[in-house]
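Report on the structure given below.
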Amino acid sequence: MRVRIASNSCIKGTYYRIVLEPSFKVNIAPGQFVMLRPATPCNSYDPLLPRPFSIHRVDQSGNIEILYKVVGRVTTILSMIVEGDEVDILGPLGNGFPVNREVVGDNILIIAGGIGAAPIIGLGETLRTNYPDRPIVIILGGRGEADLLCVEDLKKTAAEVIITTNDGSVGIKGYVTDALEEYLSRRCDPGLRTTVYACGPSPMLQKISEITGTRRNIETYFSLEANMACGIGLCMGCAVKRRDRGYYLVCKDGPVFRGDTIVL
Amino acid sequence: MKPDLSIRIAGIDFQNPVTLASGTARYGEEITEHCDLNRLGAIIVKGIALKPTPGNPPPRICETPSGMLNAIGLPNIGVDAFIRDKLPFLRQFNPKVLVNIFGSTVDEYGEVARRFNGVAGVHGLEVNISCPNIKEGGIAFGTDIESTRRVVQIVRKATTLPVLIKLSPNVTDIASFARVCEDEGADGLSVINTLLGMSIDTETWKPRLANVTGGLSGPAIRPVAVRMVWQVYKAVKIPIIGMGGIFTVNDAVEFLLAGASAVAVGTANFINPGVSIEIVEGLEKYMEDKGLNNISELIGAIKN
């Protein structure tokens, strides 16, 4: 589906926001993603494959907002697109964060690292609307101040936002997982059910898994990233190891998984 | 008058020469939302073995200039589950169903082939002797002429279905492999599978695929594929399904001119899962524009 770009601009440092104007109505669940490819001139094959991006939010006029970090060739090309240009998108795809009663605990913890903040705004808003009586705590981390996204938006959603930076420029010096350990051991009643949602780099998710795995009454849900060619289960490229046997596909079975069903 | 796109290949009647390449449309289910399967000539399903196999650890794919490397490693649900759970879905559609099969031993190829005898909804077998990503059951057979011969012999003996052999491009003289397949009774050839490739991340110094090496596909390999189709076309009489980086109708025509009787769209499905239908429509228009009545007028029609 070819869509027009309403805007594409740097929000801070190497982080950008691109706004797509789809000609169709989009209903999304927080945590879903789109496959996106610049509509290259003369059908050039660079880039060849579309890339998966989580949806940040859909605004009131139905535009899709995506946050991305310029990390390589394709995101550099993407950052040069201007208003009025076009991109090809497929989606929304995949399963978002589960927010049903069976899943959501008495305590809600949302953890995001760096660009992992992109999909959690919508998650926080949905949880706050559906469970107004349950406190939401968000732990947001980055290397430094420049890697903290959406802080003001998150503060509106959550009862508390705990910020960590590796360089100590803002908030607690350290990782989100240090803040998580601290929170769980000192401030979280182990008698209550706690649900942890997380989006961020793989080592962060691994560490969260280790920390929560030794405690009772905690369920985790991770949003994963993977190399992906199609986003719809054709290429089988985006495998993630299942705890029992074989592999899941991040695109079809995820991108959100229960932490104890996968091996990171 | 509408041009006639129908073509008979290896004794199978295709309504048009456009097919989906094995490994790029699974067993048909996921792609139907984006692609009207009924308008295709055939669908070649992802490789099936006797027993289920999990595939390779990630990362399994990466992009390279005008192409992609993959080392998916042939995850498959096994022949029994395929026949029981996946084939009923495929039977609802017009396109002919070619089942891509592989084995880890010569005998296993025979055994998988045998299991499809008399199975409704299977029109032919495409024998994968050329997957570069698994230790046994692929390239080991397809790059050795005597192993190729033994696989073709055993599959030929095991089945009454039309047999196509999917050739490896990772050989010095593909024509000699094509001749062996023809001599041993193959009904057709799929040309080509992926080219063995590799890519290294210069930041981490690690290979970009967990399997280290992988199969290269996409527009990057098209000239190699066209050349090999042409060489095979000159060497044998049995029909060829040409594949390798077909993204547009012109790419498809190029393969037909080189000698392919049909084409398979592969990597392009990942970028646009409806592209094969655009190619069917484009082919009709191309023939009208050129004043052609029958698709056979294009096959091997290269002027040289």
Side-chain angles (χ1 to χ4, degrees), chain A residues 1-2 35-40 42-52 71-75 77 87-94 202-203 224-255 262-264, chain B residues 20-21 23-35 46-47 52-77 201 203 208-211 214 217-220 222 245 247-248 250-251 266-275:
Chain A
M1 190 80 65
R2 193 150 287 195
M35 294 301 283
L36 187 154
R37 180 174 180 263
T40 48
C42 306
N43 294 320
S44 105
Y45 296 127
D46 186 23
L48 182 73
L49 302 171
R51 297 294 194 276
V71 290
R73 200 173 48 84
V74 175
T75 42
I77 294 170
V87 295
D88 290 323
I89 63 162
L90 192 62
L93 301 169
S202 194
L224 303 191
E225 261 195 323
N227 287 4
M228 210 176 264
C230 66
I232 54 173
L234 303 177
C235 73
M236 303 184 86
C238 57
V240 56
K241 203 164 179 38
R242 291 170 63 144
R243 187 158 298 278
D244 51 358
R245 74 194 145 72
Y247 296 92
Y248 287 117
L249 295 182
V250 171
C251 71
K252 290 290 279 189
D253 304 316
I262 53 172
V263 182
L264 291 161
Chain B
L20 299 180
T24 65
R26 299 276 285 279
Y27 312 121
E29 290 157 325
E30 294 82 2
I31 203 167
T32 44
E33 196 187 320
H34 312 273
C35 170
K46 189 161 174 70
T53 45
N56 287 332
R60 289 176 168 183
I61 58 167
C62 69
E63 181 165 333
T64 55
S66 295
M68 69 179 274
L69 279 173
N70 88 77
I72 308 296
L74 290 175
N76 101 98
I77 58 172
D201 185 323
E203 285 303 312
R208 288 170 74 197
L209 299 178
N211 191 53
S217 66
R222 195 188 314 130
F247 272 55
T248 68
N250 289 327
D251 304 339
T267 302
N269 294 320
F270 301 152
I271 292 116
N272 173 5
V275 70

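Here the structure is a predicted model, which means the values were calculated and not measured. Naming convention: chains lettered A, B, ... in sequence-line order (proteins, then strands); numbering from 1 in each chain.
Proximity to chain B is limited to the backbone of M228(A), based on heavy atoms less than 4.5 angstrom apart. Contacts between R73(A) and chain B at a heavy-atom distance below 4.5 Å involve the side chain alone, from C-beta outward. T24(B) touches chain A through its backbone: at least one of N, CA, C or O sits under 4.5 Å from a heavy atom, while the side chain does not.
Ranked by non-hydrogen atom pairs under 4.5 Å with chain B, the options D88(A), D46(A), L49(A) are led by L49(A). Note on E30(B), K46(B), M68(B), E33(B): by heavy-atom pairs under 4.5 Å with chain A, the leading option is E30(B). With respect to chain A, the highest number of heavy-atom pairs below 4.5 Å among G23(B), P57(B), A220(B) belongs to P57(B). Between chain A and the residues I31(B), T53(B), I61(B), N272(B), the most heavy-atom pairs under 4.5 angstrom are made by I61(B). The greatest number of non-hydrogen atom pairs below 4.5 Å with chain A, out of P52(B), G67(B), G274(B), S66(B), is found for S66(B).
Contacts of R51(A) classified as salt bridge (charged side-chain N to carboxylate O under 4.0 Å, His left out), with partners at least two apart in sequence or in another chain: E63(B).
The CG atom of N250(B) sits 5.0 Å away from the OG1 atom of T248(B) when rounded to the nearest 0.5 Å. Going from atom CZ of R37(A) over to atom CZ of F270(B) covers 14.0 Å, rounded to the nearest 0.5 Å. Going from atom CZ of R242(A) over to atom CD1 of I262(A) covers 11.5 Å, rounded to the nearest 0.5 Å.
What you find for Y27(B) and N76(B) is that their closest heavy atoms are OH-CA, 3.7 Å.
Of residues 229-238 of chain A, those residues lying under 4.5 Å from chain B by any heavy-atom pair are A229(A), C230(A), I232(A), G233(A), L234(A), C235(A), M236(A), G237(A).
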